[in-house]
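Report on the structure given below.
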Amino acid sequence: MKKHLKNFLIFILVILIGTGVSSYYLGSDIFNIESVINFIDNEKSTSALKIDDTKYNADGGFYYSSLNGKEKDVYDKIYSRAKNQNTTIKIHSDLGSDRILEIASFVENEHPELFWLTGAYTIDTSGILTLKSKYTSDDIANLSEQIKSKTDSILQNVNDGMSDYEKSLYFYEYITKNVSYSDEALDNSENMPWASSLVGPFTMGRCTCLGYAKAYQYLLQLSKINCAVVYGKAETPQGKSAHAWVIQECDGACYYTDPTWGDCFEQSGNEDYISHSYFCVDENEIEKTHTVENKDILPKCTANADNYFVKSKLLFSSYSRSDVKTAVKNSIESGNYYVELKYTSENAYNEAVKKLFDEGQIYYILTAASIKNKNINFEKTKYSENKALHIITIFFN
């Protein structure tokens with residue numbers, strides 16, 4: 001039935017074009033040729049990677065929902081062509097070239113399944129938009145199957161009874177445990193496009209920050225959690241540098257999550273540990289170290305109910321030796337030999353550092369814990385500080 005309908009629509013389209021009817025409208029807004037072409041492209045999409053795109057191209061997509069009617073038409077056209085691997089697109093619009101290019105970037109920000117796109121776009125004076133790709137159709141088909149196989153196996157550990165928070169935390173921890181940062185691709189993205197797409201994390205186990213973000217984003221989307229990639233700058237020891245992370249919904253509110261920085265202990269020799277400092281944080285927290293592009297069109301992120309430290313009862317307004325002792329005990333019982341502690345103020349944070357390390361209270365706490373658990377090596381205790389967010393991570397194995 002669909003095949004007959006598609007053939008009929010193509011026949012009508014040929015007749016209309018042959019009789020000189022506008023390729024954009026026939027008689028006002030009654031019959032939209034672009035809608036017919038979009039329908040045909042959607043029907044013959046060849047990608048093995050599927051998401052519920054009605055969620056992102058209706059009112060749910062963070063970037064899409066910020067667009068007006070004309071801009072949504074351009075977004076829809078770019079997306080419908082791109083997902084069918086058409087990288088040369090004629091844009092019929094009076095929008096300026098810069099705005100069209102920005103809309104193309106919005107499409108990629110919301111659609112990680114278009115992994116063959118490199119993020120580079122050009123548009124000429126005649127309105128021909130070109131999306132850059134490094135892959136052949138055979139490459140795309142092969143990689144699509146590999147990515148699907150990997151994500152299907154990951155999703156086997158997720159069920160409908162889990163909350164958004166539980167799903168998000170599982171995906172976040174999976175990625176940080178199973179993916180490594182690709183230093184060699186950082187300055188060679190032109191020749192290593194896999195590192196900034198789903199290909200790197202899901203077929204090679206390594207990628208750049210954009211690969212981390214897209215992998216996390218795609219798993220969320222497969223679980224019907226609305227999200228998008230966010231670009232901006234992030235503080236590093238060398239100064240601010242370009243970075244990518246995710247804005248997401250979680251149990252009815254919006255948060256920022258940076259999976260790359262969840263893997264921040266790897267280079268310090270603590271690769272088995274996960275940092276939750278940037279898991280479901282509000283905009284005040286993220287902006288202590290990150291600068292968000294296009295913040296004005298993105299949802300406000302002001303909630304903290306699903307922040308890791310709030311949810312895990314590891315957020316403290318003042319230092320208490322008893323609180324740390326309980327946190328260490330709970331961590332060990334969960335099979336973890338490190339604990340993350342967050343304080344609500346700089347004064348409370350400084351007091352905790354002073355009491356635990358300058359005065360040595362952490363050794364008394366771990367000595368007591370080691371009586372029941374021989375895996376604790378309190379003599380080699382290390383700790384990491386995130387002064388910006390007032391977080392202390394203590395490693396005791």
Side-chain angles (χ1 to χ4, degrees), residues 45-53 55-56 61 63 78-79 82-85 87 104-121 131-158 167-168 170-182 184-186 188-231 243-248 257-260 262-263:
S45 178
T46 57
S47 173
L49 304 184
K50 307 293 183 184
I51 62 168
D52 180 10
D53 51 22
K55 186 176 182 63
Y56 305 99
Y63 292 99
I78 295 171
Y79 174 57
K83 72 178 181 179
N84 197 44
Q85 302 169 34
T87 55
S105 74
F106 290 170
V107 172
E108 193 166 356
N109 291 355
E110 291 182 324
H111 292 283
E113 78 277 13
L114 304 177
F115 64 85
W116 51 88
L117 301 181
T118 66
Y121 327 102
L131 311 177
K132 302 295 184 180
S133 174
K134 291 282 189 178
Y135 296 105
T136 67
S137 294
D138 288 342
D139 291 336
I140 293 170
N142 180 46
L143 291 169
S144 292
E145 292 299 337
Q146 291 183 51
I147 294 167
K148 185 176 185 302
S149 176
K150 174 61 74 173
T151 55
D152 283 350
S153 69
I154 297 170
L155 291 169
Q156 288 179 357
N157 295 304
V158 172
K167 293 175 184 177
S168 299
Y170 170 68
F171 296 144
Y172 179 87
E173 292 185 340
Y174 178 91
I175 291 168
T176 55
K177 287 178 181 177
N178 293 279
V179 177
S180 297
Y181 195 87
S182 176
E184 74 273 19
L186 184 59
N188 196 17
S189 58
E190 178 70 19
N191 297 316
M192 298 180 176
W194 50 265
S196 57
S197 73
L198 299 184
V199 177
F202 290 137
T203 73
M204 304 173 71
R206 63 188 197 276
C207 59
T208 60
C209 62
L210 187 52
Y212 274 91
K214 288 185 175 182
Y216 180 66
Q217 174 194 22
Y218 187 55
L219 292 171
L220 291 179
Q221 288 183 339
L222 291 175
S223 296
K224 305 294 191 294
I225 297 174
N226 198 3
C227 56
V229 165
V230 175
Y231 291 90
H243 191 47
W245 61 100
V246 171
I247 183 171
Q248 66 168 104
T257 296
D258 189 342
T260 307
D263 210 6

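As the structure is a prediction and not an experimental result, all values here were calculated from the model.
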**side-chain hydrogen bond (donor to acceptor under 3.5 Å, both in side chains) partners for S153, two or more places apart** = none
**Asked** Are F171 and S223 side-chain neighbours, meaning at least one heavy-atom pair lies under 4.5 Å?
**Response** yes
**Asked** If you measure only the distance, is there a donor-acceptor pair under 3.5 Å linking the side chains of Y170 and N157?
**Response** yes
**Heavy-atom closest contact (A244 atom, C209 atom, distance)** = N-SG, 3.6 Å
**Request:** Could you check if a side-chain atom of Y135 sits within less than 4.5 angstrom of a side-chain atom of P193, using non-hydrogen atoms only?
**Result:** yes
**Item:** Pairwise side-chain contact, T151 with F202, heavy-atom cut-off 4.5 Å (strictly under)
**Value:** yes
**Item:** Non-neighbouring partners of Y231 that pass side-chain hydrogen bond (donor to acceptor under 3.5 Å, both in side chains), sequence neighbours left out
**Value:** none
**Message:** Is there a side-chain contact between C227 and I247 in this structure, where contact means two heavy atoms from C-beta onward sitting under 4.5 Å apart?
**Reply:** no
**Asked** Can you list every salt bridge (Lys or Arg N to Asp or Glu O under 4.0 Å) pair that touches residues 205-223, not counting sequence neighbours?
**Response** E108-K214, E184-R206
**Asked** Side-chain contact, heavy-atom cut-off 4.5 Å: W116 with K134?
**Response** no
**Item:** Residues in side-chain hydrogen bond (donor to acceptor under 3.5 Å, both in side chains) contact with Q146, at least two apart in sequence or another chain
**Value:** none
**Fill in**
Correct closest heavy-atom pair for A82 and L117 would be CB-CD1, 4.3 Å
**Asked** Closest heavy-atom contact between P201 and G211?
**Response** CG-O, 3.6 Å
**Message:** Within the structure provided, determine whether L210 and V229 are in side-chain contact (heavy-atom separation under 4.5 Å).
**Reply:** yes
**Request:** Sorted by first residue and then second, give each salt bridge (Lys or Arg N to Asp or Glu O under 4.0 Å) pair with at least one member in residues 193-202; sequence neighbours left out.
**Result:** none
**Item:** Minimum heavy-atom distance G61-E110, with the two atoms named
**Value:** C-OE2, 3.0 Å
**Prompt:** Within the side chain of E113, is there an N or O that forms a donor-acceptor pair under 3.5 Å with the backbone of S144?
**Reply:** no
**Item:** Test log, rule side-chain contact (heavy atoms from CB on, under 4.5 Å), inputs T260 and W245
**Value:** CA-CA 8 Å; T260 307; W245 61 100; over 6 Å; no
**Message:** Let me confirm one number: the CD1-CG distance from I175 to L219, rounded to the nearest 0.5 Å.
**Reply:** 5.0 Å
**Message:** Which heavy atom of L198 sits nearest to which heavy atom of I147, and what is that distance?
**Reply:** CB-CD1, 3.9 Å
**Message:** Would Q85 and I140 count as a side-chain contact (heavy atoms from CB on, under 4.5 Å) here? Give the steps.
**Reply:** CA-CA 9 Å; Q85 302 169 34; I140 293 170; 3.5 Å; yes
**Message:** Does any part of the side chain of I225, heavy atoms only, come nearer than 4.5 Å to the side chain of K167, both counted from C-beta?
**Reply:** yes
**Asked** Is a donor on one side and an acceptor on the other found under 3.5 Å between the side chain of T208 and the backbone of A195?
**Response** yes
**Item:** Side chains of N226 and Q248 in contact at under 4.5 Å (non-hydrogen atoms)
**Value:** no
**Request:** Give the minimum heavy-atom separation between A213 and V246, together with the two atoms involved.
**Result:** O-CG2, 3.4 Å
**side chain to side chain contact (heavy atoms under 4.5 Å, CB included) involving S105 - partner list, sequence neighbours excluded** = E102, Y121
**Item:** Residue list, side chain to side chain contact (heavy atoms under 4.5 Å, CB included) with T136, at least two apart or on another chain
**Value:** D138, D139
**Request:** With sequence neighbours excluded, tell me which residues meet side chain to side chain contact (heavy atoms under 4.5 Å, CB included) with P259.
**Result:** Y172, Y212, Y216, T257
**Message:** Under the rule for ring-ring contact (aromatic ring centres under 6.0 Å, His included), what residues qualify as partners of F106, not counting sequence neighbours?
**Reply:** Y63
**Item:** Results of side-chain hydrogen bond (donor to acceptor under 3.5 Å, both in side chains) for N178 - residues two or more places apart only
**Value:** none
**Prompt:** Between CG of L131 and CD1 of I78, what distance do you get to the nearest 0.5 Å?
**Reply:** 7.0 Å
